[in-house]
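First listed ligand is number 1; within each ligand, the first listed atom is number 1.
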Amino acid sequence: MDWGIETKCIYGDGVKFEGDKTGSISFPIYQTATFAHSAVGQDTGFAYSRLQNPTRQQLEQVVASLEGGIDALAFSTGMAAITALMELFRPGDHIITDSDLYGGSIRLFRSISQKNGITFSHIDCVRENVESFIQENTRAIFIETPTNPMMNVIDIRKMAETAKRHGLWLIVDNTFLSPYFQKPLTLGADIVIHSGTKFLGGHNDTLAGFLVTNSLELSEQLRFIIKTVGSGLAPFDSWLILRGIKTLPIRMERAQENAQAIAAFLQGESRVRKVYYPGIPGTQAHEICKRQASGFGSMITFEVESARLARHILKSTRLIPFAESLGGVETLLTYPTTQTHADVPVEVQRKNGITDCVLRMSVGIETKEDLIDDLKQAMDSFG
Ligand SMILES: *Cc1c(COP(=O)(O)O)cnc(C)c1O
């Protein structure tokens, strides 16, 4: 159905699940491993929860409708989703990735996929010519936009054109903006990834991951992989993410409003050297983001004048926890160089701009003045 995104966050595409006759408004949690058959060759559409479970199916239908995909698959974590995705490739295949990616993805590629015979070119998709890295065995381009943590914005339409011209898949990790602000499939991507742990779940209480596609062929291949490798999301966790998504639009709007205010505050602080936030006008990231997304999100990376100050802020905030993860109602501060990106080789970190002066903040939905006051007192108490 052609509903608005707020309605879709609650009802998906409106297809009713026929299995429940109680009228329950909240989708039931089918906490079962297996399903009975009435006779050989007859089933209810469900056989065993590793293959599919009604609660997971409902969640997948909602996420597919939000991204404009024909199918979405829910995994136990974002990394489980990306690991399953890598099963699409064979030894000898080559993948082009942006060098600024979530640290866990880089670790997977460097330590596991490479061992399995897949090779990578880690390039700068904003400043380098992607086409010149395409080889005979290249199968896909893998990007995040905005990138984690440096908030570079990659032109999805341009990447999709390049991918199409060479018969490659364009894979986009859309975790940072969520389908509320950005829908890569509608811009030409073939597969969208989410860490559902982040904005979709939204409450820092559940891990989940998604792969979404609008290709029937990819959907069939991924369905075979999820039932074979067995990393699908459990019924209760599916329900938690379903509940989180219902408020995605109002959370995204409020967090973005807070992020705009905090970015402006940080820009005015003399000990903050640089603020990376696509919502700040006058940058290439801002211009590209405006063309392909309906918002700038609530992730801010900023560089302070010294590593000592960065470490001081992390231990001096009273309201904002120093914790990994992002996309929840709670504002969190992280230190990419020792946390999310610790396994990224130091020379790659430095090349991308990740130094020991760089902090990343996921802005939540608290009262914005409280967040600013907290950052201010943490900076002002630095000797
Ligand atoms: C967190 C994250 C992941 C990994 O997701 P998990 O749910 O933590 O496994 C992947 N990509 C991005 C951009 C992330 O932020």
Side-chain angles (χ1 to χ4, degrees), residues 56 59 63 67 72-86 95 97-113 122 125 142-154 156 171-182 184 189 191-212 226 229 231-234 237-238 240-241 244-245 252 255 259 276 278 289 293 297-301 323-328 330-336 339-344 352 354 359-364:
R56 193 176 101 205
L59 170 62
V63 172
E67 285 286 359
L73 296 91
F75 293 86
S76 57
T77 67
M79 288 318 302
I82 303 173
T83 303
L85 170 79
M86 294 313 290
I95 300 172
T97 75
D98 193 81
S99 64
D100 194 35
L101 285 183
Y102 175 66
S105 303
I106 296 179
R107 180 172 55 218
L108 173 72
F109 297 160
R110 287 184 188 268
S111 60
I112 295 184
S113 308
H122 304 277
C125 289
F142 183 111
I143 59 169
E144 282 169 22
T145 180
T147 64
N148 183 358
M150 296 317 292
M151 307 303 293
N152 294 316
V153 177
I154 302 170
I156 299 175
I171 301 164
V172 181
D173 185 331
N174 197 30
T175 298
F176 268 31
L177 286 183
S178 91
Y180 180 69
F181 283 136
Q182 178 170 275
I191 298 174
V192 161
I193 298 167
H194 278 285
S195 168
T197 312
K198 315 294 169 56
F199 290 99
L200 294 175
H203 294 74
N204 287 321
D205 58 10
T206 317
L207 298 170
F210 294 93
L211 297 176
V212 196
I226 196 173
V229 306
S231 48
L233 191 61
D237 290 357
S238 297
L240 282 167
I241 304 292
I245 290 174
M252 294 304 291
Y276 302 90
C289 204
S298 47
M299 296 299 299
I300 301 176
T301 294
E324 275 176 75
S325 205
L326 61 106
E330 295 91 359
T331 298
L332 302 178
L333 266 169
T334 48
Y335 198 38
Q339 287 190 309
T340 51
H341 291 68
D343 285 344
V344 177
N352 291 348
I354 305 173
L359 297 170
R360 191 193 74 187
M361 183 162 38
S362 169
V363 180

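- In this structure a side-chain-to-backbone donor-acceptor pair under 3.5 Å is present from T145 to I154.
- Remark: ligand 1 and M79 share an N or O pair separated by less than 3.5 Å (distance only, no angle test).
- An N or O contact shorter than 3.5 Å is missing between S105 and ligand 1 by distance.
- Close approach of ligand 1 to N148 (heavy-atom distance below 4.0 Å) involves ligand atoms 15 (O).
- Between L326 and ligand 1 there is a heavy-atom distance shorter than 4.0 Å.
- Counting only distance, with no hydrogens or angles, the side chain of D100 and the backbone of N352 share no donor-acceptor pair below 3.5 Å.
- Nearest non-hydrogen protein atom to atom 12 (C) of ligand 1 is D173 OD2, 3.4 Å.
- Counting protein heavy atoms only, atom 7 (O) of ligand 1 is closest to T197 OG1, 2.6 Å.
- At the top of the distance list for atom 6 (P) of ligand 1, counting protein heavy atoms only, stands G78 N, 3.3 Å.
- Between L207 and ligand 1, no pair of N/O atoms sits closer than 3.5 Å.
- To the nearest 0.5 Å, atom OG1 of residue T147 and atom CG of residue N152 are 4.0 Å apart.
- Rounding to the nearest 0.5 Å gives a distance of 7.0 Å between CZ of R56 and CG of L73.
- Taking every non-hydrogen atom of A208 and a distance limit under 4.0 Å, the qualifying atoms of ligand 1 come out as 7 (O).
- Between Y180 and F199, the distance separating the two ring centers is not shorter than 6.0 angstrom.
- Looking at E144 next to ligand 1, no N or O pair under 3.5 Å apart turns up.
- Shortest contact from atom 5 (O) of ligand 1 to any protein heavy atom: S195 OG, 3.0 Å.
- If you check which protein heavy atom lies closest to atom 4 (C) of ligand 1, you get Y102 CE2, 3.4 Å.
- In this structure, T97 OG1 and H122 NE2 are separated by 5.0 Å, a value rounded to the nearest 0.5 Å.
- At the top of the distance list for atom 2 (C) of ligand 1, counting protein heavy atoms only, stands K198 NZ, 2.5 Å.
- Contact detail for Y102 and E144: the closest heavy-atom pair is N-OE2, 2.6 Å.
- Heavy atoms of A80 come nearer than 4.0 angstrom to ligand 1 in no pair at all.
- One finds the CG atom of D98 at 12.0 Å from the CE atom of M150 (value rounded to the nearest 0.5 Å).
- To the nearest 0.5 angstrom, M299 atom CE is 4.5 Å from L326 atom CG.
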